[in-house]
Chemist: 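Handing you this structure, nothing more for now.
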Amino acid sequence: AAPGSTECTECTKGYRSNPGSAICADACPAGTYSGFSDVGCENCPAGYSSPTASATCYQCDRGRYTALPGTAGCSFCPEGTATGDDYGNFECYTCPEGTQSTYLKIYCYSCYYGSYNIGIGNNACLSCAAGQYQDARGANSCKECSIGYYSPYGSTKTCTSCRAGRYTDIIGQTTCT
């Protein structure tokens with residue numbers, strides 16, 4: 001309020017004043033907002049954040065979240081988790097077995113042929129070892145090459161048949177003899 005005034009003046013949105021103060025000098029801290037001058041600064045809800053002196057809260061982008069109200073900034077989801085297409089997330093979901101999260105933690109996608117992922121919440125799909133293959137997407141293990149087949153490098157969708165005059169007499173071989 002102006003000196004000698006009997007009425008209070010509203011603070012600019014994003015700022016507050018202390019009771020009995022003549023000025024609106026206190027900016028609302030990050031994670032809070034003031035859209036209405038008579039309320040002061042309020043915490044942004046979980047799934048939202050705000051910069052300093054904000055009049056509103058902003059939804060966390062896909063792949064980011066805030067678990068608690070009044071959080072200054074949205075955090076990226078941890079490895080092996082994602083949010084999906086939603087905005088304003090207050091949690092990230094755990095990627096299921098046979099999947100991994102994308103770089104931006106938006107989606108969990110199935111491991112590609114020749115790879116697998118054991119357990120839930122693991123971030124990276126692993127390549128099948130030599131002598132193994134995986135012919136399905138989203139697998140949680142690899143298969144051994146059958147007798148008469150081999151895989152010298154692993155990380156494949158199928159094993160290679162031994163050529164004429166060569167053989168393997170046990171499973172999981174990397175060469176034919």
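This chain uses plain numbering: 1 for the first residue, then up along the sequence. Every value quoted in this text rests on a predicted model; they were computed, and no experiment measured them.
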Chemist: Between atom CG of Asn117 and atom CD of Gln100, what is the distance when rounded to the nearest 0.5 Å?
Modeler: 7.0 Å

Chemist: With a 3.5 Å distance limit and no angle check, can you tell me whether Arg137 reaches the backbone of Tyr113 through a side-chain donor-acceptor pair?
Modeler: no

Chemist: Just how far is it from atom CG of Asp61 to atom OG of Ser49, taken to the nearest 0.5 Å?
Modeler: 9.0 Å

Chemist: Restricting to non-hydrogen atoms, name the atom on Tyr93 and the atom on Tyr107 that form the minimum distance, rounded to 0.1 Å.
Modeler: OH-CA, 4.4 Å

Chemist: What closest approach, in Å, do Ser115 and Ala139 show between heavy atoms, and which atom pair accounts for it?
Modeler: O-CB, 4.1 Å

Chemist: On a heavy-atom basis, which atom in Arg64 and which in Cys74 lie closest, and how many Å separate them?
Modeler: NH2-O, 2.7 Å

Chemist: Please confirm whether the backbone N or O of Ala130 pairs with a side-chain atom of Ser151, one donor and one acceptor, at under 3.5 Å?
Modeler: no

Chemist: Any chance you could lay out the side-chain contact (heavy atoms from CB on, under 4.5 Å) test for Glu91 and Tyr65, step after step, and finish with the verdict?
Modeler: CA-CA 6 Å; Glu91 65 183 352; Tyr65 75 105; 5.5 Å; no

Chemist: Do Phe76 and Tyr103 belong to the same hydrophobic cluster, where Ile, Leu, Val, Met, Phe, Trp and Tyr are linked whenever their side-chain heavy atoms lie under 4.5 Å apart, directly or via other members?
Modeler: no

Chemist: Kindly give the heavy-atom pair with the smallest separation between Cys57 and Tyr33, and that separation in Å.
Modeler: SG-CD2, 3.2 Å

Chemist: Taking only residues two or more places apart in sequence, or in another chain, which ones meet Thr83 in a side chain to side chain contact (heavy atoms under 4.5 Å, CB included)?
Modeler: Arg62, Cys77, Asn89, Cys92

Chemist: Would a distance-only check, ignoring hydrogens and angles, find a side-chain to backbone donor-acceptor pair under 3.5 Å from Thr71 to Gly73?
Modeler: no

Chemist: So do the side chains of Ser34 and Cys28 get within less than 4.5 Å of each other, counting heavy atoms only?
Modeler: yes

Chemist: Does a side-chain heavy-atom distance below 4.5 Å link Cys176 with Tyr150?
Modeler: yes

Chemist: Quick one: CD on Gln173 to CD on Gln132, what's the gap to the nearest 0.5 Å?
Modeler: 12.0 Å

Chemist: Mind listing the closest non-hydrogen atom pair of Thr32 and Pro29 along with its distance?
Modeler: OG1-O, 2.6 Å

Chemist: Considering only heavy atoms from C-beta outward, does the side chain of Ser101 approach that of Thr81 to under 4.5 Å?
Modeler: no

Chemist: Under the side-chain contact (heavy atoms from CB on, under 4.5 Å) criterion, do Tyr133 and Lys157 qualify, and how do the steps go?
Modeler: CA-CA 6 Å; Tyr133 72 102; Lys157 184 177 178 181; over 6 Å; no

Chemist: For a 4.5 angstrom cut-off between non-hydrogen side-chain atoms, does Lys143 reach Gln134?
Modeler: yes

Chemist: With a 4.5 Å heavy-atom cut-off, do Cys44 and Pro69 have their side chains touching?
Modeler: no

Chemist: Do Ile171 and Cys145 make a side-chain contact, defined as non-hydrogen atoms from C-beta onward lying under 4.5 Å apart?
Modeler: no

Chemist: Distance check, rounded to the nearest 0.5 Å: Ile118 atom CD1 versus Leu126 atom CG?
Modeler: 7.0 Å

Chemist: Do Tyr167 and Ile147 belong to the same hydrophobic cluster, where Ile, Leu, Val, Met, Phe, Trp and Tyr are linked whenever their side-chain heavy atoms lie under 4.5 Å apart, directly or via other members?
Modeler: no

Chemist: Indicate the atoms forming the closest heavy-atom contact of Gly148 with Thr168, along with that distance.
Modeler: N-OG1, 2.6 Å

Chemist: Does a side-chain heavy-atom distance below 4.5 Å link Tyr149 with Ser161?
Modeler: yes

Chemist: Do Thr102 and Tyr109 have side chains that get closer than 4.5 Å, going by heavy atoms?
Modeler: yes

Chemist: Decide yes or no on side-chain contact (heavy atoms from CB on, under 4.5 Å) for Glu79 and Lys105, but give the supporting numbers first.
Modeler: CA-CA 8 Å; Glu79 298 294 329; Lys105 310 301 184 275; 3.3 Å; yes

Chemist: Working to the nearest 0.5 angstrom, can you tell me the gap between Asn140 CG and Cys125 SG?
Modeler: 11.0 Å

Chemist: Hydrogens and angles aside, do Tyr48 and Gln59 bring a side-chain donor and acceptor to less than 3.5 Å of each other?
Modeler: yes

Chemist: Roughly how far apart are Tyr116 OH and Ser155 OG, rounded to 0.5 Å?
Modeler: 11.0 Å

